[in-house]
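In what follows, a single structure is set out as structure tokens and then discussed.
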Amino acid sequence: MDRVVMAWVALLWLTAVAEGLQVTVPDKKKVAMLFQPTVLHCHFSTSSHQPAVVQWKFKSYCQDRMGESLGMSSPRTQSLSKRNLEWDPYLDCLDSRRTVRVVASKQGSTVTLGDFYRGREITIVHDADLQIGKLMWGDSGLYYCIITTPDDLEGKNEDSVEVLVLE
């Protein structure tokens, strides 16, 4: 009986080690109201025994998503997205064509806000959830939860959620 239990424990341990770091953001899209609080959830599992560093990054849309709502998207963009159904003209572009900035980082119990977000009610709660006190117009875009551990380099270390702020 003890051998069977030890074999199962060894198998589970090896499976966990083989997967490595796994980061998931359960909500892929979040619509939220202007000046209201929101929480962006991020879950991770790791085989590391070292504390993880959590970082949330913001990436602006590639082009103005509100323009589409108002019927102002270009015919070229519409034809490109119809030809390639996997390509999203608002989300899929090089970082050099959009604003990219660090929102917040957490190491141990210390949370540090990026320069642009200082003075705002923003923090990282629980293990890796980003809590924003009041959403602003410029907060619409992609948010990436990035987890780094010193000794768990395999697996998926980031995931993202799209946030659309409405009035």
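Given the structure is predicted, the values throughout are model-derived calculations rather than measurements. Heads up: numbering here begins at 1 and tracks the sequence.
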Kindly work out whether a path of hydrophobic side-chain contacts (I/L/V/M/F/W/Y, heavy atoms less than 4.5 Å apart) joins [X] to [Y].
X      : Y      : value
Leu21  : Val53  : no
Leu94  : Tyr61  : no
Val39  : Val31  : no
Ile132 : Leu34  : yes
Leu130 : Val125 : no

Please tabulate, one pair per line, all N/O donor-acceptor pairs under 3.5 Å involving side-chain atoms of residues 101-113, not counting sequence neighbours.
{"residue": "Arg101", "atom": "NE", "partner": "Tyr117", "partner atom": "OH", "Å": "3.0"}
{"residue": "Lys106", "atom": "NZ", "partner": "His126", "partner atom": "O", "Å": "2.7"}

If you take all heavy atoms of [X] and [Y], which pair is closest and at what distance?
X      : Y      : value
Lys134 : Phe35  : CG-O, 3.7 Å
Asp129 : Cys42  : OD1-N, 2.9 Å
Pro150 : Pro51  : CD-O, 4.1 Å
Ala128 : Trp56  : O-NE1, 2.9 Å
Ala32  : Leu135 : CB-CD1, 3.2 Å
His41  : Pro26  : O-CD, 3.5 Å

Do the non-hydrogen side-chain atoms of [X] and [Y] ever get within less than 4.5 Å of each other?
X      : Y      : value
Thr46  : Ile147 : no
Val163 : Leu40  : yes
Val23  : Cys145 : yes

Arg98 side, atom CZ; Cys62 side, atom SG - distance, nearest 0.5 Å | 4.0 Å

From Glu121 CD over to Gln131 CD, what is the distance, rounded to the nearest 0.5 angstrom?
-> 9.0 Å

Stepwise, does the side-chain hydrogen bond (donor to acceptor under 3.5 Å, both in side chains) test hold for Thr24 with Asp159?
-> CA-CA 6 Å; Thr24 55; Asp159 201 4; 5.6 Å; no

Determine, for Asp95 against Lys57, whether the closest basic-nitrogen to carboxylate-oxygen distance falls under 4.0 angstrom.
-> no

Are Asp151 and Ser48 linked by a side-chain donor-acceptor pair shorter than 3.5 Å?
-> yes

Kindly state each residue pair satisfying side chain to side chain donor-acceptor pair (under 3.5 Å) with at least one member in residues 140-149, sequence neighbours excluded.
-> none

Listed by chain and number, what are the salt bridge (Lys or Arg N to Asp or Glu O under 4.0 Å) partners of Arg118, not counting sequence neighbours?
-> Asp115

